[in-house]
Amino acid sequence: MPAGFADEDVARLRIALARIARVVDRTSGQGELTRTQLSVLGTVARLKCVPIGELADIEGLNPTMLSRTVGKLEADGLVSRAPSAEDRRAIQVKVTPAGRALHLRLRRLRTQLFTERLTELPAGRAAELLAALPALEALAEQMRSPLGPARERSRAGVSQ
């Protein structure tokens, strides 16, 4: 168990983050995109043009799932796929003007939702959340890896 965390604390953190994600999806997603589609669109919009293999790594999706997701976004006119200028075998994914506009609109809605809810919190709670941001960001980055550092070390035969 992580230092300072009991099983119940870990469960509370997981549940709180899941509830926040569901409320944000329900309130600002408006059923336009799935969470995976929204994430892929956001990554492509941020990077403007990304090789499909790199996109799979960033999103943590297998090639089949990513291909379906990009295909749906492409069919909706939100992204386009094209061979790379450097290597015609490699596929690049680019955001379209419609995709960028949708991404920015949904991002504004989500930011507005958080801003409203954070404003409603007592000042002390808001300060606690602000202080917790670096830890939450580190946890999010660590969780992007399919295996955490401890499991990677044990898998490689390295003890802690």
- [ ] Examine M65 and V50 and state if one hydrophobic cluster contains both, with Ile, Leu, Val, Met, Phe, Trp and Tyr joined whenever side-chain heavy atoms are less than 4.5 Å apart.
- [x] yes
Task: Separation between CG of D25 and OG1 of T34, rounded to the nearest 0.5 Å - done: 9.0 Å
TODO: Among T69, I91, V40, find the residue that satisfies the side chain to side chain contact (heavy atoms under 4.5 Å, CB included) test when tested with L55.
DONE: V40
Task: L102 and D76, any side-chain heavy atoms less than 4.5 Å apart - done: no
Task: Chi angles and distances behind the side chain to side chain contact (heavy atoms under 4.5 Å, CB included) call for E116, Q112 - done: CA-CA 6 Å; E116 289 168 1; Q112 179 182 354; 3.1 Å; yes
TODO: Grab the two heavy atoms, one from R35 and one from A21, that are nearest each other, plus how far apart they are.
DONE: NH2-CB, 3.4 Å
Open item on the list: Please report the interatomic distance CG(L121) to CD(E128), rounded to the nearest 0.5 Å.
Closed with: 9.5 Å
TODO: Decide yes or no on side chain to side chain contact (heavy atoms under 4.5 Å, CB included) for I52 and Q92, but give the supporting numbers first.
DONE: CA-CA 6 Å; I52 199 154; Q92 299 277 328; over 6 Å; no
Open item on the list: Strictly by side chain to side chain donor-acceptor pair (under 3.5 Å), give each pair with a member in residues 58-68 just once, sequence neighbours left out.
Closed with: S39-E59, T43-E59
TODO: Answer yes or no: is there a side-chain heavy-atom contact under 4.5 Å between I58 and L47?
DONE: yes
Open item on the list: Applying side chain to side chain contact (heavy atoms under 4.5 Å, CB included) to K72 and Q37, what does each step give before you reach the verdict?
Closed with: CA-CA 8 Å; K72 171 72 168 94; Q37 291 165 351; 3.1 Å; yes
Task: Non-hydrogen atoms of A98 and G77 that approach each other most closely - done: CB-O, 3.7 Å
Open item on the list: Do V44 and L78 make a side-chain contact, defined as non-hydrogen atoms from C-beta onward lying under 4.5 Å apart?
Closed with: no
- [ ] Check whether any side-chain heavy atom of K94 lies under 4.5 Å from a side-chain heavy atom of K48, and answer yes or no.
- [x] no
TODO: Kindly indicate whether the side chain of R110, heavy atoms from C-beta on, has any atom under 4.5 Å from the side chain of L113.
DONE: no
Task: Between OG1 on residue T119 and CZ on residue F114, distance to nearest 0.5 Å - done: 12.5 Å
Open item on the list: Checking R117 now: which residues fulfil side-chain hydrogen bond (donor to acceptor under 3.5 Å, both in side chains) with it, not counting sequence neighbours?
Closed with: none
TODO: Calculate, to the nearest 0.5 Å, the distance between atoms CD and CZ belonging to E120 and R125 respectively.
DONE: 15.0 Å
Open item on the list: Within this structure, what is the NE2-OG1 distance for the pair H103 and T96, rounded to the nearest 0.5 Å?
Closed with: 12.0 Å
Show every donor-acceptor pair shorter than 3.5 Å between a side-chain atom in residues 10-20 and any protein atom, with sequence neighbours excluded, or say none if there are none.
none

